[in-house]
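Labels below follow one simple rule: chain letters A, B, ... track the order of the sequence lines, proteins then strands, and each chain is numbered from 1.
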Amino acid sequence: MTIASVIVDVPAKQTDRPFDYLIPNHLTGIITPGIRVVVPFGPRKVQGFVTALKTESDFEKLKELIEPMDLTPILNQELLQLGEWLTKETLCYKISAYQVMLPAALKAKYEKKLKLSDEVSVEKLSDEIQAAFENRLIISWEEAVKLGCLSLLQKEVVNGSIEIIYEVKERVKKKKLKHVFSPLTKDQLAMEKEQLPVQAAKQKAVIDFFLQEEAPIELRKLLSEMGVASSTIKGLVQKGILSQKEMEVYRDPYEERRFTSTEPLPLTEDQQKVITPILASIEEKRNRNFLLYGVTGSGKTEIYLQSIQLVLQKGKEAIVLVPEISLTPQMVKRFKGRFGDQVAVLHSGLSAGEKYDEWRKIQRKEVKVVVGARSAIFAPFENLGIIIIDEEHETSYKQEDSPRYHARDVAIERASTHHCPVVLGSATPSLESFARAQKGVYSLLSMPNRMNNQALPGVEIIDMREELREGNRSMFSRVLLEKIEDRLKKKEQIVLFLNKRGHSSFVMCRDCGFVVNCPNCDISLTYHRANQQMKCHYCGHEAQVPNNCPECNSEHIRYFGTGTQKVEEELAKILPEAKVIRMDVDTTSRKGSHEKLLDQFQEGHADILLGTQMIAKGLDFPNITLVGVLSADTMLHLPDFRSSEKTFQLLTQVSGRAGRHEKEGEVVIQTYTPQHYSIELAGEQDYDKFYEREMMVRKIHKYPPFYYISLITVSHEELLKTVSVTEKITAYIGSRLSKEAICLGPVASPIPRINNRYRYQCLIKYKREPDLGLALKKMLDYYQKETASGGLQISVDVNPYILM
DNA sequence: AGCACGCCGACT
DNA sequence: GTCGGCGTGCTC
């Protein structure tokens with residue numbers, strides 16, 4: 001085994017295959033599949049993943065690999081194979097598949113430098129070059145570019161006076177801190193203590209500490225714990241009694257936090273019924289996929305916790321996926337509370353270094369449970385006993401850029417190799433999953449009752465058109481206002497939910513209806529209050545708000561759309577006595593602010609919690625008795641076949657926030673389309689009826705779960721080119737599919753232009769097309785040249801969640 | 001993705 | 001004649 005097959009870190013069609021390298025003698029045995037290596041690739045050096053070892057290669061002139069970047073494989077055999085599965089499933093590059101499974105900190109960083117050759121005499125070089133190097137031997141490529149003498153330098157490279165050095169570096173360093181320990185034995189220490197002068201009390205105290213504690217301790221901790229100055233330690237170090245060394249520590253985002261430990265709760269009858277088959281499947285080491293359908297407040301989390309408990313007893317590991325976990329600190333509390341430091345947490349709120357450290361705890365088998373967002377599904381456990389996906393219907397489990405994977409699919413794939421169960425939990429399962437449960441692909445487990453049998457909150461739907469007709473032009477209906485005032489009087493808490501998506505504040509002329517659009521993208525600009533500017537969310541273009549309408553010159557040009565800030569202002573006007581906490585992107589961007597705001601609300605420092613999507617989930621406070629949805633229909637009119645489903649799910653989730661404890665809850669939903677079935681049925685909290693209704697719509701329109709869909713998006717600077725390529729692709733793919741498949745296109749994308757590039761798409765609906773993957777690959781191959789040069793972009797999304 | 005190689009236009 | 005534009009093809 002002297003040759004290594006390596007997937008290099010070059011995400012391109014032509015390099016999406018293994019390259020072979022000779023393993024230098026001194027590295028034989030060290031280089032194994034799954035470790036990262038630095039390899040020469042053309043004139044430069046790149047990172048690569050060793051995928052296999054072999055004794056022969058078809059290629060004759062093999063180069064030697066340069067060095068390993070790991071001592072032990074960073075991807076185990078299972079993950080290497082999972083990478084191949086991902087590549088096939090999502091049509092992504094192998095390198096992208098491997099990188100997505102690892103924390104971003106492990107992605108290589110490349111540096112390019114210029115170095116004066118050893119034998120060159122500096123005096124002979126031109127003044128400009130001498131000036132560029134200013135008595136140094138090495139300058140960075142960026143510096144050279146800034147100086148603008150590239151052509152001169154290029155010449156020197158050709159004649160050998162200057163070398164180009166390529167370096168591959170790690171992105172994040174392991175965090176190291178000064179630690180103190182004693183190199184002496186206890187007897188020696190005791191003797192040293194005797195010899196210290198009487199007045200060296202502090203030093204003696206420190207020695208006492210080390211007489212008890214042998215392990216090295218962080219210098220900082222020692223100082224604060226003993227209440228001594230750093231000079232005290234320094235003195236001991238100088239005498240040779242203590243030593244210092246740099247030692248690796250984990251960045252622990254929850255370091256300062258204490259989690260009150262909890263015991264398993266007695267289960268309700270419902271819970272007992274659903275947990276039995278899950279536990280059985282763990283016992284039997286049998287792969288089964290469960291859909292745990294339990295209404296809000298039915299106690300799904302306790303099911304997760306007790307299932308994991310059995311997994312841990314069996315010496316196995318568990319993955320728990322939670323949507324954007326930083327948004328539910330309560331969830332972290334529950335897992336850390338039950339399983340303590342056996343839990344690692346992975347979510348987007350952590351820094352790259354923190355994520356890396358949590359990941360290494362998993363890799364080193366220091367933890368048994370990971371709670372995390374989407375990418376935690378790749379946690380490098382080797383002995384999985386269960387995978388749990390909470391809020392299974394959440395769209396954030398689908399990654400929107402390459403590799404466009406769905407965590408649910410990955411979970412099912414991994415669980416089948418580990419022979420363990422998958423539990424998909426939701427109060428409002430996705431139609432896909434519920435349909436699979438109906439067909440028996442998943443085992444359905446239902447919990448139709450809330451714990452303690454509280455009633456689901458009563459829901460009242462308010463027709464805002466009616467309000468308008470009767471002269472109420474405010475954003476609060478009279479009913480809602482009345483109820484708010486009532487709760488304020490009773491000192492109970494209120495959650496107001498604003499679904500801002502759909503139309504956030506845009507700038508519009510009141511006289512002629514002109515809306516300010518982005519000049520590069522066919523989409524309206526969003527008004528940002530912080531800097532009084534309009535910004536495009538797709539290309540970042542910024543512009544001043546005009547004083548007069550560019551169309552009709554009217555002065556009545558204003559921003560529209562009710563943002564949370566606007567609601568807050570209006571609340572302050574009509575209910576000045578109410579204390580409001582606002583939660584949106586602006587108020588929660590700072591680390592930990594999310595949790596702080598929620599804690600404040602929980603402790604009763606405010607009457608009203610006003611927020612966007614982020615408050616729809618996980619809130620579980622006893623004093624909330626009223627939930628108001630200010631406008632239910634904003635997302636209903638998005639060009640997306642799932643918009644009804646999303647609306648229903650969101651409204652149900654929000655409603656579930658009310659009355660989870662002794663006090664009864666009430667929900668008010670304001671809408672302009674009260675007759676829409678997703679709003680009506682959310683009001684009745686009737687998932688089953690909604691499911692039936694929506695399935696009919698999906699069947700008629702040939703959408704999932706009746707059909708699979710794949711989306712091809714083509715973009716190019718020229719409209720004609722974009723259309724003609726999409727046309728050809730549609731025709732080609734259509735010709736290669738069976739008669740049952742439907743190939744729609746070319747149609748303009750819902751956002752027809754982004755960053756001055758036109759966008760057209762082809763939507764494929766199909767039931768069974770085993771050759772579709774091949775056809776798509778051939779198509780991508782055919783356009784390879786044009787896409788490589790950057791003029792043309794073609795993206796393929798198998799099972800897209802966003803059709804834009 | 002980079003980078004080298006190569007083949008045509010506008011210049012000292 | 002040469003400098004440099006970016007099209008084409010290769011990287012073990």
side-chain N/O A:Tyr166 vs B:dC3 OP1/OP2, d < 4.0 Å: yes
Touch class at under 4.0 angstrom, heavy-atom based, for A:Phe59 against every strand present: base
Short side-chain N/O contact from A:Lys13 to OP1 or OP2 of B:dA1, under 4.0 Å: no
Derivation of the side chain to side chain contact (heavy atoms under 4.5 Å, CB included) call for A:Leu75 and A:Met101: CA-CA 9 Å; A:Leu75 291 172; A:Met101 300 196 279; 4.1 Å; yes
Sugar-phosphate only, base, or nothing, as touched by A:Glu60 at under 4.0 Å among non-hydrogen atoms: nothing
Axial cation check for A:Tyr250 ring with A:Arg360, 6.0 Å and 45° limits: no
Geometric cation-pi criterion A:Lys765 and A:Tyr703, 6.0 Å radius, 45° cone: yes
Distance in angstrom units between A:Leu62 CG and C:dC10 P, rounded: 18 Å
Spacing between A:Gln14 atom CD and C:dG7 atom C1', to the nearest angstrom: 13 Å
Between C:dC6 (P) and A:Lys785 (NZ): distance, integer Å: 20 Å
Which residue lies more 5' along DNA chain B, comparing A:Thr15 with A:Gln154 via nearest heavy atoms: A:Thr15
Sugar-phosphate only, base, or nothing, as touched by A:Lys45 at under 4.0 Å among non-hydrogen atoms: nothing
Sugar-phosphate only, base, or nothing, as touched by A:Pro18 at under 4.0 Å among non-hydrogen atoms: nothing
Any A:Lys63 side-chain N or O less than 4.0 Å from OP1/OP2 of C:dC12: yes
Ring geometry between A:Phe378 and A:Tyr405 (parallel below 30°, tilted from 30 to 60°, perpendicular above 60°): perpendicular
Aromatic A:Tyr766 / basic A:Arg768 pairing, under 6.0 angstrom, 45° off normal: no
Separation of C:dC12 P from A:Ile3 CD1 (nearest whole Å): 14 Å
Atom-to-atom span, CG of A:Asp58 to P of C:dC12 - whole angstrom: 16 Å
Length of the NZ-P vector between A:Lys113 and B:dG2, whole Å: 18 Å
Protein-nucleotide distance (A:Glu142, atom CD; B:dG2, atom P), rounded to Å: 12 Å
Protein-nucleotide distance (A:Asp9, atom CG; B:dC3, atom P), rounded to Å: 14 Å
